[in-house]
Amino acid sequence: MSQARTQPQDDPAKVAAFEARIAAGESIEPKDWMPERYRRQLIRMMSQHAHSEIVGMLPEGNWITRAPSLRRKISLIAKVQDEAGHGLYIYCGTETLGVDRAELVQQLLDGTAKYSSIFNYPTLSWADMGVIGWFVDGAAIVNQTVLAKASYGPYARAMIRICKEENFHKRQGYEIVAVLANGTPAQKAMIQDAVNRWWWPSLMMFGPSDADSPNTAELIRWKVKRRTNDELRQRFVNLTVPQAAAVNLTLPDPELRYDADTENWHFGPIDWDEFNQVIRGNGPCNRERLEARRRAHDEGAWVREAASAYAAKQRAKQASEAA
Ligand code: BYC
């Protein structure tokens with residue numbers, strides 16, 4: 001990746017010392033020596049994560065003006081604002097690796113950086129707000145609770161705070177789900193339809209199966225990832241099946257059954273063709289999402305200019321006071 005700081009070939013002695021620190025469970029901090037490949041992998045993963053939070057505001061932002069009550073509107077606005085905060089927090093964490101945020105944002109706008117596949121699906125009804133909180137934030141919690149133990153300190157610490165907020169997001173979603181599931185037949189049908197549409201894309205959030213995941217082995221070795229994609233996906237399914245039963249909703253998988261030997265819920269095959277289409281930019285809303293981000297970036301140019309002018313003025317003031 002062009003944005004990573006270039007370094008001479010990593011010194012094998014330094015690599016060995018670094019790997020010993022990882023093996024001992026030490027946290028790697030921004031000023032510590034790290035292999036160039038470790039830095040690049042973190043920049044890739046963290047920037048994609050930050051982009052996901054920012055693009056992830058769009059499907060829900062679409063429903064703020066149509067929330068069914070003042071109370072629902074307040075909590076949805078708060079959730080979407082939290083997502084902006086998560087994005088900015090993770091961009092800051094990524095900058096500790098020596099890369100400029102403007103460069104990362106440009107990669108998103110150019111379509112050269114990925115963001116989570118899940119945000120390329122449309123939000124068709126209010127019930128989707130419930131199911132996103134339940135499934136999407138639920139999946140994020142499963143993934144991020146483990147990332148809170150990642151070997152890179154700034155990323156791990158960001159995850160601790162973010163997970164606390166994701167817990168509120170999941171609860172607000174599940175509460176919407178429970179209310180609709182116990183509502184009129186039309187409300188129940190609406191929530192079941194949302195469950196049917198979001199279930200499989202939510203399982204895809206965890207990434208390709210381990211056999212097809214080029215980055216997992218290296219990231220596990222460096223303790224950035226502490227569990228594989230398939231392990232986390234299985235954990236999410238195991239947690240979610242009883243939650244669906246508790247509100248009498250059906251998950252759209254005829255193969256779903258409990259396996260007493262493995263103590264896991266067995267689930268049917270994932271449509272990897274669909275996943276690959278979405279991450280290549282051909283999902284239902286990829287174009288719309290990037291257009292919305294580009295428009296917001298252009299419309300926000302004056303804010304960035306004003307903030308830079310203000311910062312320059314403050315610097316000049318401080319310099320003249322110090323003189
Ligand atoms: N979507 O080797 P793999 C949120 C890419 S936002 C798109 O397994 P890795 C929220 C992958 O990047 C939460 N692309 O990769 C916000 C790689 O491509 P490149 C978002 C995907 O890194 C608002 C290639 O496929 N969470 O919670 O080992 C509202 C091969 O994959 C996806 C994060 O970002 C995907 N689903 O593992 C509500 C968590 N999956 O870069 C909620 C942090 C894979 O080689 N990230 N790809 O071109 C991770 O944990 C890991 O990066 C992943 C992938 C598990 C996602």
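Atoms within a ligand are numbered from 1 in the order they appear, just like the ligands themselves. All of these numbers come straight from a predicted model, not from anything done at the bench.
At least one N or O atom of Lys114, backbone or side chain, sits closer than 3.5 Å to an N or O atom of ligand 1. In terms of polar-atom proximity, Ser213 is counted as a contact of ligand 1, with an N or O under 3.5 Å from an N or O of the ligand. In terms of polar-atom proximity, defined here as any N/O pair under 3.5 Å, Pro214 does make such a contact with ligand 1. Where the criterion is an N or O separation shorter than 3.5 Å, residue side chain and backbone included, Tyr155 fails it with respect to ligand 1. In terms of N/O distances under 3.5 Å, ligand 1 is approached by Met204. Backbone and side-chain nitrogen or oxygen atoms of Glu60 are examined, and none is located within less than 3.5 angstrom of a nitrogen or oxygen of ligand 1. Not one N or O of Glu83 is nearer than 3.5 Å to an N or O of ligand 1, by distance alone.
Contacts between Arg44 and ligand 1 below 4.0 angstrom, taking non-hydrogen atoms only, involve the side chain exclusively. Heavy atoms of Val278 found under 4.0 angstrom from ligand 1: none, in either backbone or side chain. Using a 4.0 Å cut-off between heavy atoms, Ile132 makes no contact with ligand 1 at all. The proximity of Phe119 to ligand 1, defined as any non-hydrogen pair under 4.0 Å, is limited to the side chain. Within the 4.0 Å heavy-atom criterion, neither part of Leu232 lies near ligand 1. Looking at Asn215 against ligand 1, both its backbone and its side chain come within 4.0 Å, counting heavy atoms.
Note on ligand 1: Met57 sits outside its first shell, no heavy atom being nearer than 4.0 Å. For Lys225, the closest heavy-atom approach to ligand 1 falls below 4.0 Å.
Here is the list of ligand 1 atoms found below 4.0 Å of a heavy atom in Met205: 36 (N).
Taking 4.0 Å as the cut-off between side-chain N and carboxylate O, Lys14 and Asp10 do not count as a salt-bridged pair.
Of the protein's heavy atoms, Phe275 CZ, 3.7 Å lies nearest to atom 32 (C) of ligand 1. If you check which protein heavy atom lies closest to atom 50 (O) of ligand 1, you get Asn143 ND2, 2.9 Å.
Both cation-pi conditions hold for Arg161 and Tyr89: the charged atom is under 6.0 angstrom from the six-membered ring centre and inside a 45 degree cone around its axis.
Protein heavy atoms come within 4.0 Å of atom 42 (C) of ligand 1. Within the 4.0 Å cut-off (strictly below), no protein heavy atom is located near atom 24 (C) of ligand 1.
Among residues two or more places apart in sequence or in another chain, the side chain to side chain contact (heavy atoms under 4.5 Å, CB included) test is passed with Asn62 by Arg66, Thr123.
By the neighbour-count criterion of 12 heavy atoms within 6.0 Å, atom CZ of Arg227 is sparsely surrounded, having that number or fewer from other residues, nucleotides or ligands.
Membership of an apolar cluster is not assigned to Val179, as no side-chain contact below 4.5 Å to another ILVMFWY residue is traced.
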